[in-house]
Amino acid sequence: MKLRFTLNGRTIEAETSTSTRLVDFLRRELGLQSLHPSCYDGQCGNCAILLDGEMVYSCLLPGFAVQGRSITTYEGIIDTLDYNDIISGFHDEQAYPCTYCLPAKIVITQSILESTLDPGQQEVLEAFSGTYCPCTNFHNLARGVIRAGEYRRRRLHER
Amino acid sequence: MELNIIEGARVLNSQRFIDEFTSRDMLHLKIVRSDIPRGRVSSIESTNLPEDILIFEANDIEGLNRVAVLEEEMPLLSNGNIAYEGEPILLIAAEDPASLALAERRLKISYETDFSLLAFEPASKNQTVDTVCLSRGNPAKEFEETTQIVEAEYRTTIESHVSRAPSGAYVELKDGRFTVYTATHWPFHVRATIAEVLGVDESKIKVMQTNPSPAYGEKVVFPSILAAMAALVCQNTGKPTRLLLSPKEAEKFTTRKAPVHVKSTSILNEAGRIIAHDTHMRFDVGAYPLFTKELLQRAVITSGSYYQVPNVSITAEAIQTSAPPMNIYRGLGVSQSLFATEVHFSRLAEFSQLNPGDWKKNHTKSKHIITGAHLPNMPLEKLVDTVVEQSDFYRKHSAYEQIRKRRNSVKASRRVLRGIGIATGFTGNGFTDKPGSDKSWGINATLDKKDQLTIECGTMTVPEAIKTIWKRRAGEILGISPDSVEISSGDTDNLPDSGPMMLGMPVTVYTSLVDRCCNYIRKQRFNKPLPIEVRRNILSARRSTWDPSNFTGVPFHSFSWGAVVVEVQLDPLTLVPEVRGVWAAFDCGLVYNTQYAVSIAEGGIYEALAWAMGEQRVNPRYYQDYVIEGQETPNLRLPPVSVVFANRAKGLPGGINEIAESLVPAAFVTALSQATGVYFDRIPLNAETIQSYLEEPS
């Protein structure tokens with residue numbers, strides 16, 4: 001099946017079978033190694049991506065779900081100032097996700113901050129309720145996301 | 001053939017995971033496992049398999065069909081006998097992964113199954129693979145002469161880890177040398193295992209560590225097994241070979257927390273002191289036990305803890321069963337042992353009519369631990385004071401006690417039931433003794449002419465936080481900038497064997513080796529020309545310091561101490577326990593970054609709550625589900641956790657996670673017992689198990 005979609009701001013034309021999951025398509029065929037699926041049933045959250053700005057778990061979608069749509073992954077965030085906001089917030093609040101789950105945590109944080117720059121703790125925990133990695137202290141993570149929102153507010157305001 | 005690192009991996013800016021290693025003509029490998037838990041393979045039918053499938057069995061092994069860990073071993077591939085469900089029988093390899101799936105479906109293995117299973121409860125005497133005993137005084141005589149005995153049994157069930165970072169190995173053969181990439185915490189064991197299995201010299205093998213974290217202990221021995229399997233295929237075909245475990249395989253077959261059954265019997269005097277105490281612990285170690293002696297010794301020491309009992313007998317037994325090998329789970333038996341001990345001793349405090357806080361404090365005064373070692377700096381009294389004060393323990397304990405006594409039954413209650421519990425104890429850092437091995441474990445350090453210090457540690461994936469500690473300490477000892485200290489990265493060709501990264505080795509043992517190297521260099525610095533090179537090995541404990549045969553002396557490199565209070569409430573209708581708060585005080589030696597230490601401790605506490613509250617951790621998000629998506633959905637929150645660290649100005653840093661994880665379950669269960677008036681004696685505890693306790697006749 002031929003697909004045309006936007007991946008991290010670039011138009012991509014690729015081919016995949018109808019039985020391929022989106023995570024496998026992105027990871028194996030397009031080489032996006034930031035996706036770390038460890039459950040393949042939407043429990044670990046390590047394959048989170050933004051599909052038209054909305055956070056989804058790519059292991060739960062077929063590859064062809066991207067047809068005509070726009071995808072943002074960790075690779076599309078790391079070279080932006082948005083990434084700096086998030087990492088600075090995490091660092092300030094001692095939220096240290098391991099290298100395995102960090103990309104997903106960044107993507108989920110980005111999705112939170114795209115909807116509000118002043119999230120509450122409940123909102124943050126709700127957004128992360130579909131992720132699992134005991135490396136993370138969720139208290140600190142929630143504070144880190146809120147702090148990241150502060151950084152981004154300040155940056156956008158100063159502009 | 002060239003190894004491709006898939007484009008995109010670089011963006012992670014970190015060590016690569018094993019599933020990122022691939023090459024064009026690589027063989028994919030799959031383990032064909034037994035369907036039955038005990039028996040014998042009678043025939044293997046391999047007709048109608050895809051043409052490109054290659055099959056390997058135990059007979060294809062040129063060297064020894066075994067994986068040896070210190071004095072113990074298990075077969076790499078079954079030699080026909082099946083000891084547990086999921087035991088590897090065959091390896092199948094193909095360039096196309098789809099062929100593997102097809103071949104696995106078409107392979108037919110028949111078994112002779114007229115063998116009885118080796119159960120844990122009940123187990124026969126010949127299932128005991130090892131026993132460790134500690135005895136002081138004459139408990140048998142005391143038990144004969146008394147009429148009032150407190151007797152109880154405690155149980156914990158298997159805890160599986162949640163597979164996260166992938167487990168696997170990639171092996172390629174070039175110019176007669178094997179290069180092995182695997183996610184391991186013990187690269188030199190990988191090398192030794194492959195050499196033995198392939199029947200080649202260790203110099204023919206180079207092991208490179210891929211990113212092993214996060215891990216629960218499954219990256220200590222299991223990577224050696226996977227790497228040896230991949231190397232076997234690579235040796236036979238000459239092709240690069242990759243074996244990746246599926247998440248389900250990793251969860252089921254790599255490592256699990258061993259279940260334990262503990263029987264404790266005690267006698268108290270009128271003042272509430274324990275006169276005699278007998279504990280018998282039985283660990284289910286699965287079909288092939290590993291690190292058994294260490295597991296049993298740690299369990300005995302932490303069970304005896306700091307309580308000074310004149311007549312005591314503690315026995316720990318390893319029971320071989322038909323379950324998959326438990327392997328090495330974080331903590332190695334300590335959390336199970338501390339759970340039983342602390343719940344039992346809280347019960348003794350209750351029988352003494354004393355507040356458990358006071359009762360435990362009274363026992364800390366001698367500053368001795370069960371091995372007789374006198375530890376003048378034992379901080380437990382202060383830690384207990386801290387958590388008792390912060391949690392308002394005395395007031396809450398008395399109030400909940402009175403409410404409970406006035407109440408007729410849990411079911412009749414219309415209000416939530418509350419209880420509070422305390423647990424105290426220690427965990428040890430490093431092995432109890434340098435494990436018997438013909439090889440030295442150590443680290444190297446070199447100070448060059450530019451005053452740059454290079455530290456070489458064979459466990460290449462030491463966490464960044466620990467590397468920062470080494471740099472700071474080396475900088476302080478040598479009077480150089482921490483930026484001038486480099487922790488060398490490399491492989492088994494150019495780094496020393498530093499042993500396995502487990503049991504707090506990096507933070508305590510390796511740190512002490514860094515200190516010793518730097519102190520030597522400091523002394524020699526102006527006597528010898530630069531560069532100065534030094535190697536320091538982990539030493540066997542002197543008999544005067546630690547005598548494992550008699551259980552006397554100081555058993556660990558250092559101790560991590562802790563006191564934890566947990567307050568719970570229980571809805572009498574739903575019987576769903578909720579944690580109202582956790583207060584913890586720890587002394588883990590020198591803490592460089594308190595905020596970071598608190599973060600680790602909090603993580604350990606949440607893990608422990610998950611263990612204590614999950615019926616089975618089938619759903620990896622259990623604890624989060626409970627807290628976030630459960631009854632409290634309108635009030636999303638994690639239970640409040642307060643952690644403080646004793647402020648040590650000097651000394652060695654110690655492990656944090658293990659002590660945080662080990663004390664919480666006992667405090668949780670004790671609190672729940674106070675809330676309900678029912679003696680809970682097992683974890684995990686959830687609404688269903690609580691209901692079953694309430695239905696039991698009192």
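Just so we're on the same page: letters track the sequence lines, and every chain starts at 1.
In this structure, no portion of A/N46 lies under 4.5 Å from any heavy atom of chain B. Proximity to chain A (any heavy atom under 4.5 Å) is restricted, for B/N593, to the side chain, taken from C-beta onward.
No side-chain heavy atom of B/N211 sits less than 4.5 Å from a side-chain heavy atom of A/Y100. Using a 4.5 Å heavy-atom threshold, the side chains of A/Y40 and B/S246 count as separate.
One distance of note links CD of A/Q94 with CD of B/E602; it measures 10.5 Å at 0.5 Å rounding. From A/Q33, atom CD reaches atom CZ of B/R16 across 10.5 Å, with rounding to the nearest 0.5 Å.
The local environment of CZ in A/R4 is sparse, with at most 12 non-hydrogen atoms from other residues, nucleotides or ligands closer than 6.0 Å. The 12-atom threshold is not exceeded at NZ of B/K252, counting heavy atoms of other residues, nucleotides or ligands nearer than 6.0 Å.
When all heavy atoms are compared, the tightest approach of A/C39 to B/P247 is N-CG, 4.4 Å.
B/Y606 and A/F138 have their aromatic ring centers separated by at least 6.0 angstrom.
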